[in-house]
Amino acid sequence: MFDPVRGQPDFPALEASIAAWWRDHGTYDKSLTRRRGAPRFVFFEGPPTANGMPHPGHCLTRTIKDLYPRYRTMRGQFCERKAGWDTHGLPVEVEVCKELGIHSKAEIEAYGVEPFIHKCQESVWRYMKEWETLTERIGFWIDLSKAYVTYHQSFVESVWWALAELFDKGLLYQGHKIVWWWAQGGTALSSGEVGQGYQEVADPSVYVAFPLLDDTGAPTSRSLVAWTTTPWTLPSNQFAAVKADLDYVVLRDAGGADAAEYIVAEPLAAGLGEKLKKEFEVVDRMPGAALVGRCYQPPFDTFRQPGSPATAPLAAGGHEAIAWRVVAADFVTTDSGTGIVHIAPAFGEVDYTVLVAEQARFAPGSGPSLINAVAPDGTFTDAFGMGSGRFVKDCDRDITRDLRSRGLLVHQEQYVHDYPFCWRADNDPLIQYPRQSWFIRTSQFREQMLANNAAIEWLPEHIKDGRFGNFLATNVDWALSRERYWGTPLPIWVCDATGKAEAIRSYADLLAKPGVLGADVFAKAKAANPDLSDDLKVHKPYIDAITYDSPFAAGGRMRRVTEVIDCWFDSGAMPFAQWGWPHQGHAEFESQFPADFISEAIDQTRGWFYSQLAISTLLFGPSEVSSPDVRAWPHPFKTCIVLGHMLGEDGQKMSKSKRNYREPSEIFDRYGADALRWFFLAGQAPWTSIRYSERAIKESIPEFLLRLWNVYSFFVIYARIDGFDPGSALAAPGMLDHADLATASGWRPVAERGELDRWMLSELNATAAEMTSRMDAYDHFGAAQRLSALVDAVSNWFVRRSRDRFWAPGRADGGPDANVEKTDAYWTLYETLLTISKLAAPFVPFTTEAIWKNLAGVAFSGRAPESVHLTDYPAGDAALVDHDLVRRMAVVRDIASLGRAARAGEKLKVRQPLQKVEVILADARADDAAWLEAHADLVCDELNVKQFEVCGEPDRYITRSVLPDLKKLGPKLGKDLPKARDALVKGDAAALLAALAAHGRAEVPLAGGGVAVIEPGDVLVRTTAKPGWAAAESPRAVVVIAKDLTPELIAEGLVREVVHAIQTERKQLDLDFTDRIDLVFATESEALRAAIEHHRDYVASETLAASLHFGTPPAGAEPHDIDGHPLAIAVAKASS
RNA sequence: GCGCGCGUAGCUCAGUUGGUUAGAGCGCUACCCUGAUAAGGUAGAGGUCCCAAGUUCGAAUCUUGGCGCGCGCACCA
């Protein structure tokens, strides 16, 4: 027998007990054990960083990540879920720096790299407890005990292997990169960090004259005019760029005595005139191409020798000036400035590409080299004496003053724009700065990455060719190295004699090198501090201590480069590194690559989605470089659900300082995890940005969880009363699916049960089939909506329509007093609840488990599966779906709804019985009419009428009209459609329908000549109620009610009102529903008195009245108004 | 600046290849039920489907151009 159920469930408490029960019973492990050997469903966990607090967005990802593995496991697949943690990177270092109260690299070095790294390793787990709590609390089943950790030695060695592969294939190289540089902190910042630090500032905006040189190298009075907002880059000027096909003009001040001539792009000439408030005349014009190759005098002689421009031999022959020369560049625009761009290759990425292109034109070794007057600490070097030792931005004013004094400053103004500052030292502006960096040649694999991407199933689909595809198409080489401390060390050792390098694949390989030294550094540290994690031996500074004999030069030593790598490479390597592959874990890797399914939020397109795809494509894609391990596209993941970002209550980004969202823990404590999960899964498509609203989460409870719980509670209450006990009726419960239940005593085949039961099981099985196909297509939103509709059908139709059976006399225990129809109702509802528990289990794992534990666990004392998550997902049995019945029942529900609408229109409340209701079906298909008439009782009961029929002479109540079926006739008639539509609407519908019925076709004359040939199916029939009837209509039916009331009907209506009044009294007196009462009435209305007398048996039985009489009611009897008739009622509990 | 997404009822959101009267939940109003009851049901009101042009017999849906919001990228020489 079932345990009693609380009507008011405390979901948070319930969930806590379920979570504890899962833990104690190892339910997750059991769910895996069941499926061992079954086809795999491979899931990759994108590693979160435990260095930050989990927030509501993580609740969403963890819910989605839990849903599909649970579902697939129930569907019969084997899905191991290995957790993982992302542990490296600047955020960890920043946390530690904050703790230590330091900022710059110099301060870290002063503190000591070794203790700093120890701090980092400890800091990684700062919020571990919160993460583990969240994971368990939200019901995310994943194996935390076997989590991969990116700083572990085995993980690092896998990454080393990958990097060594790339290095050996020539895909890992060292080059320059212009980075956003935090000069005070001595480090480059990632684009994400830069993006966080933009501030609106006003910078000087200067227009500077670059005088062109004549053949002797002397400046002329004709100058290029360049524009810049960073005067401090002018001392490092190297070129001036123009657009070749753009027209340039030479301007002279019309009113000035001055002979100065300015060259600017023609479209910008007028603007310059306005700024200078001068009337310029155009004295010459030329295309940009004509300027290319001309030399000019740079604004400062920082790097220039006096005299003629230095030249060098070109690769193609001839000589050209090395620098301070006009070049052509496509990126030059006329949006702002002058159309002439000052190029300082050290301080801009596009500027740098100009230098690289120029270098390529010259004979090897003789081209321009990078010139740079700025030191890494952001101060000018001695090369620019005027600013030597001062921070560059502080020199802007002196630089412009100097230019003005030399007559080179054409114009100066303020320019307001966004400029990046350091995100954690917001007084420090960032500068663009060239650094040596290690790159992965990903751009060479652009086409392969696109091909790999093309095979991935992205949800939503537009990610593939949209955001992600675009990103791949504009791919640039991956800047891999970081000049930091806490990260995977770049495994490249360089010969100190020759500069030649080689990559190391594992720690063991390193120790096996000839003449290896320095391994003892870690050993000593470990001896001094036995708690030191062994994993740190592959980290700085210990790894840097290891050197070995150079294979390239006798006497040379191999020393590691100083850099660590971008931590995105770590996470992107997890498909193999999580197993330590290829050094170990072969079986695991082979059986779990690629992933069937991953999911993260959209911010991972350039993060984890990209790093995984890039690494996998380079390592496992076809390659001209020998590649032993080629895999078919797609890899390393086949399907990816890209989640939208979560917004706060106000629709803005969630922000701790704005307090515009509730902490997940608060949500769990108030409403429970299932409420949150259901809100995520059933509230909206997962890729829309979700507004995280407490109100919406709260409302997701009554709409689904509570409704399901109410049905369950109803069932248990009455099953206990009626002795419905499957545990004793069923010897071998199996998995409690349909076939298992069929072996129970007292169970009747569905075909023998009543219509309502057959309908319920039809809906159940149809829903299961549809949910399965939707879930297989990763459409949990559609599946959840279908499930919600099913629960509504159970609650608001099956249970409501079955109440009489549940309350009928007789038991449901299969004994001699058993009531067969009642027992059928129990078996139907029992099966429905069990199946819904299974269907909903991946969505709301706690609530369904609680229901299952009682309906199956308690009922069978352990003979049935102990957890709903250890059952098979119901796929729906088509043989149990009666489509006609489903359709007809929908018509009945429609009729009931229309009948109430018709009543409402006439202000005839449902308590007032009516004589008759008639229905006219729009689509008199099959035998629906006969079926409906056979179910007149049902309709009469729902609508409180005496008689129901399908109308035999519909023309009395309705008019029929025909409308074109646009979908069918549209393609057929094209432009004639409006005419045909007119003809159909205005024509004789009855005649047309008759013709169609008789001949299978009809011709409709069109206005202006011609005819349209109409066939059955080309038109739709619409029925409309004629005026004057109490009717309501829908596309399916018209319902007409008889609104005339006879005295008998009025009397019945009065009596129903009286009963209602008494029931309300009973409730107010807090009587038990089995208590009997004595009733005394007093009324001056003879009509009311007569009505009650006439129906006194009905009144007595409805209200459980032991006695009923008219008289003088005791004082305090409640006065009532019964449709205008006064009535005093005294209700007293009967003595017996 | 470029790219991606979004814009539908007071609020939160659905809307399947273009098709007839654009839906749901919440909220609101009225009513009903009262043996699941701090629940439940029915009905109603509420819409310029952001704007404009175009394609089409027909556009919430397709195209183009705006406007607004979000995100990403780049740039700010």
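Chain A is the first sequence line, chain B the second, and so forth, proteins listed ahead of strands; every chain is numbered from 1. Fair warning: this is a prediction, and the values are worked out from it, not measured in the lab.
- Closest contact between the side chain of A/Leu1104 and the listed nucleotides B/A14, B/G35, B/A36 involves B/G35.
- Contact annotation for A/Ala344: no contact, since no heavy-atom pair falls under 4.0 Å across all strands.
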List every contact pair, protein side and nucleotides 6-11 of chain B side both N or O, where the distance is under 3.5 Å.
from: B/C11; atom 1: O2'; to: A/Arg695; atom 2: NH2; distance (Å): 3.3

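- OP1 and OP2 of B/G35 both lie 4.0 Å or more from every side-chain N or O belonging to A/Tyr718.
- Using a 4.0 Å heavy-atom cutoff across all strands shown, A/Arg467 reaches at least one base atom of the nucleic acid.
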Check the interface with nucleotides 59-62 of chain B: list each N/O to N/O pair with the protein under 3.5 Å, or write none.
none

Could you list the protein-to-nucleotides 55-57 of chain B atom pairs, N/O on both sides, closer than 3.5 Å?
from: B/C57; atom 1: OP2; to: A/Lys975; atom 2: NZ; distance (Å): 2.9
from: B/C57; atom 1: O4'; to: A/Gly974; atom 2: O; distance (Å): 3.2
from: B/C57; atom 1: N1; to: A/Gly974; atom 2: O; distance (Å): 3.4

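- With B/G35, B/G3, B/C32 as the choices, the nucleotide that has an atom nearest any side-chain atom of A/Val910 turns out to be B/C32.
- Residues that satisfy the ring pair (Phe, Tyr, Trp, His ring centres under 6.0 Å) test with A/Phe714, not counting sequence neighbours, are A/Tyr718, A/Phe806.
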Return the polar atom pairs (N/O with N/O) between nucleotides 37-40 of chain B and the protein under 3.5 Å, or none.
from: B/U37; atom 1: O2'; to: A/Lys1067; atom 2: NZ; distance (Å): 3.2
from: B/A39; atom 1: O2'; to: A/Asn710; atom 2: ND2; distance (Å): 2.9

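- Annotation: the span from A/His342 atom NE2 to A/Phe210 atom CZ amounts to 6.0 Å, rounded to 0.5 Å.
- Heavy atoms of A/Gly644 sit nowhere under 4.0 angstrom from any nucleic acid atom.
- Salt bridge present: A/Arg900 and A/Glu942 bring a charged side-chain N and a carboxylate O closer than 4.0 Å.
- Distance A/Ile602 CD1 to B/C73 P: 11 Å, rounded to the nearest Å.
- Between A/Phe468 atom CZ and B/G5 atom C1' the separation is 17 Å, expressed in whole Å.
- Ring pair A/Phe2/A/Tyr830 is tilted by interplanar angle, where 30° to 60° counts as tilted.
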Side-chain donor-acceptor pairs under 3.5 Å in residues 783-794 of chain A, sequence neighbours left out?
from: A/Arg786; atom 1: NE; to: A/Glu770; atom 2: OE1; distance (Å): 2.9
from: A/Arg786; atom 1: NH1; to: A/Thr767; atom 2: OG1; distance (Å): 3.3
from: A/Arg786; atom 1: NH2; to: A/Thr767; atom 2: OG1; distance (Å): 3.4
from: A/Asp792; atom 1: OD1; to: A/Arg707; atom 2: NH1; distance (Å): 2.9
from: A/Asp792; atom 1: OD1; to: A/Asn796; atom 2: ND2; distance (Å): 2.5

